[in-house]
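Residue numbers start from 1 in every chain, and the chains themselves are labelled A, B, ... in the order their sequence lines are given, proteins ahead of strands.
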Amino acid sequence: MPELPEVETVVRTLVPHLTGRRIVEARFDSRFVTPGNRKRLAGRLAGRRIESIQRRGKFIQVALDQGVLTIHLGMTGSLRVAATADAPALTSSHTHGIFTLDPTREPGVLLYNDPRQFGRIEWTPSVSPRVARLGPEPLDISLEDFRRRLKRRARMKALLLNQAFLAGVGNIYADESLYAAGIHPLAIAARLKPERAARLLGALQEILRAAIACGGSSISDYVDAMGEKGWFQVEHRAYGREGEPCKVCGTPIKKILVAQRGTHFCPQCQRR
DNA sequence: ATCGGTACCTGCACGC
DNA sequence: TGCGTGCAGGTACCGA
């Protein structure tokens, strides 16, 4: 589900409802999503005031009056606000976190759902080390810095997925930006010509901005904190289009495996 | 230091 | 209809 545009959308829809609210109680029931002592985590959160919420890469950072709550949605995590915790449509065996908010106003709860349990919820005294080791934000990085960071032997697709290279790009937007820039996913990063690197960064930024404007891509079940789907999936030109004609040249989109991830590209427009 | 492969977990689509 | 297989927006960790 969630790459940079989806996480950004979730954060934007959470901000007006959660900023300034107090967490009365927190409950967790997955040993995967909340590794370590779940009860202690819940204890850390009880009574805390939410100062601000921001995205960094694919992470959601909730600044509290004491410490930081860091949430990663993994593949299938979702955060939803609801009036009460017994909203039957929003809770299931996959509801692994329930945050009860101060009863002064609605929404009364924040629910964390995650079928595959690849997501993570943690509390740290300050910025999480997992966030600290992220690379720059793709929407902020300068072309000069981007080019410097490309001086590596890795294949372009794998490098775009590397969160220490750039934070927030995932499988969809890696494929879409390489397609838009006409770069083969197996191209070696350090061998990219300067003008092609510029084209890639431009394409990546344009696509990420457009996707945020669309509320992200809803591939199967992604929704924002209000339950709204995104619609950028209708703009996908490579991802999920195996066998369908390239919108530019008509050649069937090909799917290969790169870094163990399904990788979609046009063999005509993206030559090695 | 970098890179690629594997593991983690559940649900679903597909082929037989 | 039922069952096995492979695949899915993610990251961490291991060994080369």
> So, A/Thr13 and A/Glu228: side-chain donor and acceptor under 3.5 Å apart, yes or no?
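Absent: no donor and acceptor within the cut-off.
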> C/dA8 C1' sits how many Å from A/Leu257 CG, rounded?
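Computing the A/Leu257:CG to C/dA8:C1' distance gives 12 Å.
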> The side chain of A/Arg133 lies closest to which of these nucleotides: C/dT11, B/dG5, C/dA12?
C/dA12
> Nearest whole Å is fine: how far is B/dC9 P from A/Tyr112 OH?
15 Å
> Scan for ring-ring contact (aromatic ring centres under 6.0 Å, His included) pairs involving residues 245-272 of chain A, sequence neighbours excluded, and state none if there are none.
A/His184-A/Phe265, A/Tyr239-A/His264
> Are A/Leu204 and A/Ile141 linked, directly or through other ILVMFWY residues, by side chains that come within less than 4.5 angstrom of each other?
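Yes, one cluster joins them.
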> Whether A/Gln163 contacts C/dG10 is assessed here as follows: a side-chain N or O lying under 4.0 Å from the phosphate OP1 or OP2. Is that the case?
no
> Indicate, with a heavy-atom threshold strictly under 4.0 Å, whether A/Ser30 touches base, sugar-phosphate, or nothing.
nothing
> How many Å lie between CG on A/Asp114 and P on B/dT10, as a whole number?
11 Å
> Under 4.0 angstrom, heavy atoms only, what part of the nucleic acid is A/Phe32 near: base, sugar-phosphate, or nothing?
sugar-phosphate
> For a quick check of understanding: with a heavy-atom distance under 4.0 Å over all strands, which category does A/Tyr173 fall into, base, sugar-phosphate or nothing?
nothing
> Can you identify which nucleotide, out of B/dC3, C/dG10, B/dG11, has its nearest atom closest to the A/Met75 side chain?
C/dG10
> Looking across every strand, which nucleic acid part, if any, lies under 4.0 Å from A/Gln117 by heavy atom: base, sugar-phosphate, or nothing?
sugar-phosphate
> I need the minimum non-hydrogen distance between A/Gly216 and A/Thr9, along with the two atoms involved.
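Residues A/Gly216 and A/Thr9, closest heavy atoms: N-OG1, 3.9 Å.
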> Given atom CG of A/Asn171 and atom P of C/dT11, what is their separation to the nearest angstrom?
11 Å
> So, is A/Lys157 close to the B/dG4 phosphate, meaning a side-chain N or O under 4.0 Å from OP1 or OP2?
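No, A/Lys157 has no side-chain N/O under 4.0 Å of OP1/OP2 on B/dG4.
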> Expressed as a whole number of angstroms, how long is the span from A/His72:NE2 to B/dC9:C1'?
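The distance from NE2 of A/His72 to C1' of B/dC9 comes to 16 Å, rounded to the nearest Å.
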> Wobble G-U and Watson-Crick pairs count when both distances are under 3.5 Å; given that, what is the 5' to 3' dot-bracket string of DNA chain B, with | for pairing to other strands?
.|||||||.|||||||
> Side-chain N or O of A/Arg261 less than 4.0 angstrom from OP1 or OP2 on C/dC7?
no
> Salt bridge check, A/Arg22 against A/Asp65: does any charged N sit closer than 4.0 Å to a carboxylate O?
yes
> So, does the side chain of A/Arg116 form a donor-acceptor pair with the base of C/dA8 at under 3.5 Å?
yes
> From the set B/dC9, B/dT10, C/dT11, return the single nucleotide nearest to any side-chain atom of A/Arg31.
B/dC9
> Taking the inter-plane angle between the rings of A/Phe146 and A/Phe165 on a 0 to 90° scale, is it parallel (under 30°), tilted (30 to 60°) or perpendicular (over 60°)?
tilted
> Would you indicate which nucleotide in C/dC7, B/dT6, B/dT10 comes nearest to any side-chain atom of A/Gln260?
B/dT6
> Remember a base hit wins even if backbone is also touched, and classify A/Arg120 as base, sugar-phosphate or nothing at under 4.0 Å, heavy atoms.
nothing
> So, is A/His94 near the phosphate of B/dC9, with a side-chain N or O under 4.0 Å from OP1 or OP2?
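The answer is no; no side-chain N or O of A/His94 sits under 4.0 Å from OP1 or OP2.
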> What integer distance in Å separates A/Asn113:CG from C/dG10:C1'?
17 Å
> Between C/dA12, B/dC9, B/dT2, which nucleotide gets closest to the side-chain atoms of A/Phe118?
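The nucleotide sitting nearest to the side chain is B/dC9.
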> Nearest whole angstrom, please: distance from the C1' of B/dT2 to the CG of A/Leu159.
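Going from A/Leu159 (CG) to B/dT2 (C1'), I get 11 Å.
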> B/dG5 and C/dC7: how far apart are their P atoms, nearest whole angstrom?
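It works out to 15 Å between them.
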> Can you name the closest pair of heavy atoms from A/Pro107 and A/Leu101 and give their distance?
O-CD1, 3.4 Å
> Base, sugar-phosphate, or nothing: which does A/Ala259 touch, judged by heavy atoms less than 4.0 Å apart?
nothing
> Take atom CD of A/Glu195 as the centre, draw a 6.0 Å sphere, and report whether it contains more than 12 heavy atoms from other residues, nucleotides or ligands.
yes
> Does a donor on one side chain sit under 3.5 Å from an acceptor on the other, for A/Glu6 and A/Tyr173?
yes
> For a quick test of reading the model: is some side-chain N or O of A/Arg152 closer than 4.0 Å to OP1 or OP2 of B/dC3?
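The answer is yes; a side-chain N or O of A/Arg152 sits under 4.0 Å from OP1 or OP2.
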> To the nearest angstrom, how far is A/Ile219 atom CD1 from B/dA13 atom P?
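Taking CD1 of A/Ile219 and P of B/dA13, I get 15 Å after rounding.
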